[in-house]
J.: 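Sharing a structure, written as structure tokens. Questions coming.
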Amino acid sequence: MTTSDPIADPSSATVGSLARVDEAAMDRIAKHLHAMLPPPAATVPPVPEASLPTFARPDSSAGATLPGVAARPVIPALTVPVLSPHSIDGSLPRLFDRDASSAVEPPVATTAYYFLTPTVSTSTTSAAPALPRRAFDVDAIRRDFPILQERVHGRPLVWLDNAATTQKPRAVIQRLVRYYEHEYSNVHRGAHTLAARSTDAYEGAREKVQRFLGAASPSEIVFVRGTTEAVNLVANSWGRTHVGEGDEIVLTTIEHHSNIVPWQFLAQAVGAMLRVVPVTDRGEVLLGDYEKLLGERTRLVAITHVSNALGTILPVRAMVQSAHRWGARVLVDGAQAVSHFPVNVQTLDADFYVFSGHKVFAPSGVGVLYGKKALLDEMPPWQGGGNMIQHVTFETSTFADPPARFEAGTATLGPAVGLGAAIDYLERIGMETVARHEHELLVHATDALSRIPGVRLIGTAPEKAGVVSFVTDAIEPEALAKVLDQDGVAVRAGHHCAQPTMDRFGVTGTVRPSFALYNTHDEIDVLVRAVRNALRS
């Protein structure tokens, strides 16, 4: 294949360097057409990389303190050696079965970061391609996100609603523009050049997700609309064929509704039973309590990796091991995990792992179901339509191999390509770097908010991701969120689609600031000052 002239605006400073698309694109399209189509003669334009300059890392303890707030704790120097995401255990080890009656302890900053525990990787995947890393500078990161320059009620936007959805970097926005301007077509079935370009971009995104999660093969990655659809797919396909009357499905108290309701539907349909693991007053799931619910009738364990309402990180790897000893399968809801720290599904040994693109700086409308190949191979289709079939007659149909078997109809094309660009962006920064930065934010926010009279933190487990949930004595959560909005501070307030969690803590809802890689200590100070002012008025 010859190389074409770049289709790009040479005057644009943000296009960045270009990479040629080689014969791999046509190999992919030929494979999907059963080797019956000749390679197109037309050339494919190069795909631009995101413009990602390198910046120096500032002092993380810099910034002014607020009147009435204790000086910001100095975060120790980051002495942890540089680790590859593929050598980090995504289960995040914790202190199991500690005394639940002990005093509440907010997370503390240490040099031994709990989310950077080296492990011996069991992955059979090849190493991810080397990407140029950028030294972490939060101010430079913020410039990558155009929406962070917005003003709300005359104030700079402080986006602390990341657990609901994350904002999009310019690299993702530009990749979508280029895809729709130069590559868009339906995939797999076309014999023309744009079909090849689009197929290459779509399947290339699948390979990026595979590497990001540490899956063994791209065929273990199914594109869906989001976490909710992924859970429903497993419930209706695997669940309907493996869960029967009298069987048990184990959940935890702190699940999102999306990881409760589909299992209720399944249990009601087949006569199964849901069993629920309690949590401590700090929002922890204790292994001893969990293991008491496992037994010979346990068919599935469906657990969150990180609680969206509390930020609690569950001991997923240990929970998976316990479930497997009983022959049960495990689905892990990773919607609140993958944007915060490295995850390796083979290290976790999860049977299914699900997440949404819009929570990891990608467009909405795309999500991922990871499933072990042996499980996907035996699962029947959930939806019928184009692209998931091998042969159709009016008498019967045969179906494609996974992942196509579970991607009926027109695929979620552009959003999937955008997800691939978001993964590129994160890998250039490094997920272990993101985890360190967000842990520092969590330490500062937990300390500062806990010092405000009348504020009560909900969920104080020692192992948490970047979520702080709280209530006040004087103002209801929704009313306080509206007051904070007047200062430009965007937070979520309510039950967070986790009503059983709220019931456990005796509240109807909480205020939930949640953090991402582009948030700063100064933004937390703005939040704290706004909460203090609201409680004084």
J.: Which heavy atom of A465 sits nearest a heavy atom of V306, and at what distance?
T.: CB-CG1, 3.7 Å
J.: For G295 versus W326, what's the shortest heavy-atom pair and its separation?
T.: C-CE3, 3.4 Å
J.: Among L314, L348, V338, V354, whose side-chain contact (heavy atoms from CB on, under 4.5 Å) with H305 holds?
T.: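 Of L314, L348, V338, V354, side-chain contact (heavy atoms from CB on, under 4.5 Å) with H305 is met by L348 alone.
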J.: Just checking, is any N or O donor in the side chain of D487 or N533 under 3.5 Å from an acceptor N or O on the other one?
T.: no
J.: Flag the pair R325 / L294 as yes when at least one side-chain heavy-atom distance between them is below 4.5 Å, and no otherwise.
T.: no
J.: Could you work out, with side-chain contact (heavy atoms from CB on, under 4.5 Å) as the rule, every residue matching H256, not counting sequence neighbours?
T.: S258, N308, D333, C497
J.: Mind checking side-chain contact (heavy atoms from CB on, under 4.5 Å) for R456 and listing every partner two or more places apart, or none if nothing turns up?
T.: I458, V471, V507
J.: Rounded at 0.5 Å granularity, tell me how far CZ in R170 sits from CD1 in I173.
T.: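 Reported to 0.5 Å precision, the distance equals 7.0 Å.
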J.: Kindly give the heavy-atom pair with the smallest separation between E207 and P218, and that separation in Å.
T.: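 Of all heavy-atom pairs spanning E207 and P218, the closest is CG-CG, 3.9 Å.
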J.: Return yes if some donor-acceptor pair links the side-chain N/O of T298 with the main-chain N/O of I249 below 3.5 Å, else return no.
T.: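 A pair under 3.5 Å: no.
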J.: Mind checking what makes side-chain hydrogen bond (donor to acceptor under 3.5 Å, both in side chains) contact with R299, not counting sequence neighbours?
T.: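 Residues passing side-chain hydrogen bond (donor to acceptor under 3.5 Å, both in side chains) with R299: D247.
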J.: Can you sort out the partners of Y518 under ring-ring contact (aromatic ring centres under 6.0 Å, His included), two or more places apart, ordered by chain and number?
T.: F145, F361
J.: Taking all non-hydrogen atoms of both residues into account, name the closest pair between L176 and P363 and its distance.
T.: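 For L176 and P363, the tightest heavy-atom pair comes out as CD1-CG, 3.6 Å.
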J.: State, with a plain yes or no, whether a side-chain heavy atom of I524 is found less than 4.5 Å away from one of N519.
T.: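 When only atoms from C-beta onward are counted, N519 and I524 do not touch, as no gap falls below 4.5 Å.
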J.: Kindly say whether V277 contributes a backbone atom to a donor-acceptor pair with the side chain of D289 at under 3.5 angstrom?
T.: no
J.: Report the C-alpha separation of V455 and L535 in whole Å, then their side-chain angles, then the decisive distance to 0.1 Å, and conclude whether the side chain to side chain contact (heavy atoms under 4.5 Å, CB included) test is met.
T.: CA-CA 9 Å; V455 167; L535 294 179; 4.0 Å; yes
J.: Less than 4.0 angstrom from a charged side-chain N to a carboxylate O is my criterion; do R504 and D281 meet it?
T.: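 Salt bridge flag = yes for D281 with R504.
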J.: Can you list the residues that meet the side-chain contact (heavy atoms from CB on, under 4.5 Å) rule with R225, with sequence neighbours excluded?
T.: E229
J.: Suppose we screen for side-chain hydrogen bond (donor to acceptor under 3.5 Å, both in side chains). Which residues come up paired with E438, at least two apart in sequence or across chains?
T.: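 With sequence neighbours excluded, E438 shows a side-chain hydrogen bond (donor to acceptor under 3.5 Å, both in side chains) to H340, given in chain and number order.
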J.: How long is the span from the CG atom in L517 to the CZ atom in F136, to the nearest 0.5 Å?
T.: 6.0 Å
J.: Once ring pair (Phe, Tyr, Trp, His ring centres under 6.0 Å) is applied, what residue pairs with a partner in residues 478-499 remain, sequence neighbours excluded?
T.: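 For residues 478-499, and leaving out neighbouring residues, the ring pair (Phe, Tyr, Trp, His ring centres under 6.0 Å) pairs sorted by first residue read H257-H495.
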J.: Quick one: ring-ring contact (aromatic ring centres under 6.0 Å, His included) partners of F470, sequence neighbours excluded?
T.: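 With sequence neighbours excluded, F470 shows a ring-ring contact (aromatic ring centres under 6.0 Å, His included) to no residue whatsoever.
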J.: I'd like to know if the side chain of R317 reaches the main chain of T347, judged simply by a donor and an acceptor atom lying under 3.5 Å from each other, with no hydrogens or angles considered.
T.: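 Checking the backbone N and O of T347 against the side chain of R317, a donor-acceptor pair under 3.5 Å is found.
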J.: Inspect the contact between D525 and R529 and indicate whether a charged nitrogen and a carboxylate oxygen are less than 4.0 angstrom apart.
T.: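 The answer is no: the pair does not qualify as a salt bridge.
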J.: Quick one: list whatever passes side-chain hydrogen bond (donor to acceptor under 3.5 Å, both in side chains) with T520, sequence neighbours left out.
T.: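 Partners of T520 under the side-chain hydrogen bond (donor to acceptor under 3.5 Å, both in side chains) test: none.
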J.: Identify the heavy atoms of P500 and I260 that sit nearest to each other, and give their distance.
T.: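 Looking at all heavy atoms of both residues, the shortest contact is CG-CD1, 3.9 Å.
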J.: Under the side chain to side chain contact (heavy atoms under 4.5 Å, CB included) criterion, do D349 and Q321 qualify, and how do the steps go?
T.: CA-CA 8 Å; D349 200 22; Q321 291 173 342; 6.0 Å; no
J.: For the backbone of T228 and the side chain of N232, can you confirm whether one donor and one acceptor N or O come within less than 3.5 Å of each other?
T.: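 Yes; at least one donor-acceptor contact below 3.5 Å.
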J.: Would you mind telling me which of D447, V489, I452 makes a side-chain contact (heavy atoms from CB on, under 4.5 Å) with V528?
T.: I452
J.: Identify, with sequence neighbours excluded, every residue that meets salt bridge (Lys or Arg N to Asp or Glu O under 4.0 Å) alongside R206.
T.: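 Expected list: E203, E407.
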J.: When you measure from the side chain of Q336 to the backbone of A163, do you find a donor-acceptor pair of N or O atoms at a distance under 3.5 Å?
T.: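 Present.
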J.: Let's go through I147 and K168 carefully: what are the C-alpha distance in whole Å and the side-chain angles of both, what is the deciding distance for side chain to side chain contact (heavy atoms under 4.5 Å, CB included) to 0.1 Å, and is it a yes or a no?
T.: CA-CA 8 Å; I147 202 169; K168 318 309 170 192; over 6 Å; no
J.: Return yes if some donor-acceptor pair links the side-chain N/O of S322 with the main-chain N/O of A318 below 3.5 Å, else return no.
T.: yes
J.: Nearest 0.5 Å please: distance from the NE2 atom of H444 over to the CG atom of L442.
T.: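 Atom-to-atom, H444:NE2 and L442:CG are 11.5 Å apart.
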J.: For R151, what residues pass the side-chain hydrogen bond (donor to acceptor under 3.5 Å, both in side chains) criterion, not counting sequence neighbours?
T.: none
J.: Only counting residues at least two apart or in another chain, list the ones meeting side-chain contact (heavy atoms from CB on, under 4.5 Å) with L375.
T.: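 Listed in chain order: W238, R329, D351, F352, K372, E378.
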J.: Test your reading of the model: is there a side-chain donor-acceptor pair from K464 to the backbone of P462, 3.5 Å cut-off?
T.: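 Checking the backbone N and O of P462 against the side chain of K464, no donor-acceptor pair under 3.5 Å is found.
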J.: Quick check for you: to the nearest 0.5 Å, what is the distance between R512 atom CZ and L310 atom CG?
T.: 10.0 Å
J.: For side chain to side chain contact (heavy atoms under 4.5 Å, CB included), just list the numbers for S339 and K359, CA-CA rounded to whole Å, side-chain angles, deciding distance to a tenth of an Å, and then say yes or no.
T.: CA-CA 7 Å; S339 67; K359 294 183 188 290; 5.5 Å; no
J.: Please find the pair of heavy atoms, one from V330 and one from L300, that lie closest to each other, and give the distance.
T.: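 Closest pair (atom of V330, atom of L300, distance): N-CD1, 4.3 Å.
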